[in-house]
Amino acid sequence: MPSFFADVELVPGDPILGLTEAYNADTRATKVNLGVGIYYDEGGRIPVLKAVQQVERALAEQSKPRGYLPIDGMPDYTRATRELLFGKDSPLIAEGRAATTQTVGGSGALRVGAGLLKKTLPLGRIAISNPSWENHRAVFGAVGFEVVDYTYFDNATHCLDFDGMLADLGKLEAGTVVLLHACCHNPTGADLSPEQWKRVIALLHERNLFPFIDMAYQGFDKGIDEDALAIRLLAESGIRNFVVASSYSKSFSLYGERIGAFTVVSDNADESKRVQSQIKRLIRANYSSPATHGAALVAGVLNSTELRAQWEDELGQMRTRIHALRAGLVEKLAAKGAPEFGFIQQQAGMFSYSGLSKPQVDRLRDEFGIYAVGTGRICVAALSTKSLDYVAEAVATVAKD
C-alpha cells in the first residue's frame, strides 16, 4: 500500500530554534547566543528563583495526589493572575467582569484567545504590529483569522512610528481585533508612553476596535504595576470588552513549565460566565485541562506576602541587570567607534531591534560565533558583562563595513 503521508511537504524549521541548534554545534569558546528569548544570569545559566525554590520544597514535602485540575485551571493561580494584571482592588474584578483561564504558556493563551474570538466575533480579522513576534501571525492564521499589519516601528530612526500607528489603526474596519504588546515589545523593544497609550485606547474606543493585549514580560521594564499600565488604562476606559494573554515564563524563570493565562473582560458577571463556558469547551476539545506543578509554584509565591516580596526583589534584580547590560553595550559600542547604537539604551525589555542587516548578522555568526535573528533582533538578556567587550567589538566591526 502507498503511504498516506507520501505527499506531505517538509515544513521549514523554526528560525530561532534552528539558530540555537547551530549555536550548540559551534565549537568556538567565544560563541554567544543572542537569538533565543531567555534571561540568563552572569554565569550563562537560567536562574532558579529563591522564592520559587521555597514553594517547590514545600510541595515536595506535602507530596499531594496528582489529580486533574479544573478545565480553566487552579483557582488560586487564576485569582492571583487577575490581581497581578488589574490590581487587587480593581472594580472590574469586584464586579465579576474578568474571567481568567490557566493555559499552556503564553502561546497557549494566544491560541485559546484566537479560537474564542474566531468563534464569537463576526469579522475574523486581526491587526498585528509591523514587526511583531512571528508566532502571532502563525497562531491567528491557524484558526482562520485574516492577519493584517499596522505600522509600528521606523527602521530609520530605530523608534516607534506613532503617527504611522495611529493612521493605520484609524483605517481599520469596526470589529477588527488589534493585537497590542503591553510592554517590552517583541522584537523591537520600542514601547508606547503613557500618553500614547491613552491616545491609542481612545482611538480603539472611537473606532469600535477589539483590543487583544499580549503581556509576556510584566515586570521586566519598569515594574509590575507600571508594566501593566495599558491593561489598567483599558480597565478604566469606556471599552467594555478586551482580552489579555499573559505568561510567567520570564518573570518566574519557568520557561519549561508552560505557565500562561488568558483573561477575558466582559460587560457584566453573567456575560463573563457565558464567555467562560465557551473557553472551557474549546480547552476540553484540545488538551482537556492544564498541568499542576508550574501553577502551584506561581500561586504559592503570589499568595504568600513574604514570598511575593522576595519574588518582586528577584525580578527587580533581573530588570536592573538588563538595564545595565543595555547601558554597558551602548557605552562599549561607542568606545569601539559605533555611537550610532545609542538607541539600544532607550528600548525596553529583553530584546533590541539592533538595525543590523541580514548580511551583517551572517558575518557575526560566521566570523565571530555571535548568533542573532536575521532581522537584527538581539536578546540583550542573554549578554553578560564578560561578553560585552567581545560582542561590542564584533558589532562595531560588521557595522563599519
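Keep in mind that what you see is a predicted model, and the values were worked out from it rather than measured.
Using a 4.0 Å cut-off between charged nitrogen and carboxylate oxygen, D362 and R365 count as a salt-bridge pair. Using a cutoff of 4.0 Å between basic side-chain nitrogens and carboxylate oxygens, D267 and R240 are scored as salt-bridged. Salt bridge present: D225 and R232 bring a charged side-chain N and a carboxylate O closer than 4.0 Å.
Separating the CZ atom in F212 from the CZ atom in F210 is a distance of 8.5 Å, to the nearest 0.5 Å. The CG atom of L169 sits 5.5 Å away from the CG atom of L203 when rounded to the nearest 0.5 Å. Rounding to the nearest 0.5 Å gives a distance of 9.5 Å between CD of E367 and CZ of R28. Separation of atoms CG (L92) and CZ (R82) is listed at 10.0 Å; rounding is to 0.5 Å.
Checking side-chain atoms of T397 against main-chain N and O of E393 turns up a donor-acceptor pair under 3.5 Å. Although no hydrogens or angles enter the test, the distance criterion places a donor-acceptor pair under 3.5 Å between the side chain of W311 and the main chain of S251. With Y68 contributing its side chain and P290 its backbone, the two residues share no donor-acceptor pair below 3.5 Å. Listed for the T320 side chain is a donor-acceptor partner under 3.5 Å among the backbone atoms of G316. No donor-acceptor pair closer than 3.5 Å links the side chain of D313 to the backbone N or O of A309. With hydrogens and angles ignored, the 3.5 Å screen pairs no side-chain donor or acceptor of Q102 with any backbone N or O of D72. Proximity of a side-chain donor or acceptor of Y390 to a complementary backbone N or O of F368 within less than 3.5 Å is detected. Of the possible polar contacts, none joining the R207 side chain to the E173 backbone as a donor-acceptor pair under 3.5 Å is found.
The shortest non-hydrogen separation linking V373 to G35 is CG2-O, 4.0 Å. Residues T292 and M74 come closest through the heavy atom pair O-CE, 3.7 Å. Considering every non-hydrogen atom in both D227 and G219, the closest pair reads OD2-N, 2.8 Å. Here the closest non-hydrogen pair linking A109 and A261 is CB-O, 3.2 Å. G342 and V330 make their closest contact through CA-CG1, 3.8 Å (heavy atoms, listed as atom of the first residue, atom of the second, distance). Shown here for G106 and R258, the closest heavy-atom pair between the two residues is N-NH2, 4.3 Å.
Judged by distance alone, the side chains of T151 and D161 never bring a donor and an acceptor atom under 3.5 Å apart. Looking only at atom types and distance, the side chain of R308 has no donor-acceptor partner in the side chain of S304 under 3.5 Å away. Inspection of the Q360 and S357 side chains reveals an N or O donor paired with an N or O acceptor under 3.5 Å. Remark: the S253 side chain and the Y248 side chain contain no N/O donor-acceptor pair separated by less than 3.5 Å. Counting only N and O atoms by type, the side chains of N186 and Y217 include a donor and acceptor under 3.5 Å apart. Side-chain contact check for Q347 and D191: no donor-acceptor pair (N or O, by modelled atom type) lies under 3.5 Å. In this structure, a donor-acceptor pair under 3.5 Å is absent between the side chains of T78 and T100. Looking at Q345 and E331, their side chains never bring a donor and an acceptor atom within 3.5 Å of each other. Side-chain contact check for S129 and H185: at least one donor-acceptor pair (N or O, by modelled atom type) lies under 3.5 Å. At a cut-off of 3.5 Å, with distance as the only test, a side-chain donor of E42 or T385 sits close to an acceptor on the other residue. Side chains of T101 and Q276: a donor on one and an acceptor on the other come within 3.5 Å. S132 and H181 share a side-chain donor-acceptor pair at under 3.5 Å.
Geometrically, K31 engages Y23 in a cation-pi contact defined by less than 6.0 Å to the ring centre and at most 45° from the axis.
Considering R137, K118, R125 as possible partners of E146, the one that fulfils the salt bridge (charged side-chain N to carboxylate O under 4.0 Å, His left out) test is R125. Exactly one residue among F343, Y353, F351, F162 makes a ring-ring contact (aromatic ring centres under 6.0 Å, His included) with F153. That residue is Y353.
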* To do: Report the C-alpha distance between Y371 and T20 in whole Å, list the side-chain angles of each, state the deciding distance to 0.1 Å, and finish with yes or no for side chain to side chain donor-acceptor pair (under 3.5 Å).
  => CA-CA 8 Å; Y371 291 76; T20 300; over 6 Å; no
* Asked: Run the side chain to side chain donor-acceptor pair (under 3.5 Å) check on H158 and E340 step by step: do they pass?
  -> CA-CA 10 Å; H158 308 289; E340 66 270 22; over 6 Å; no
* List the steps and the verdict of side chain to side chain contact (heavy atoms under 4.5 Å, CB included) for E226 and D221. => CA-CA 8 Å; E226 296 89 338; D221 180 26; over 6 Å; no
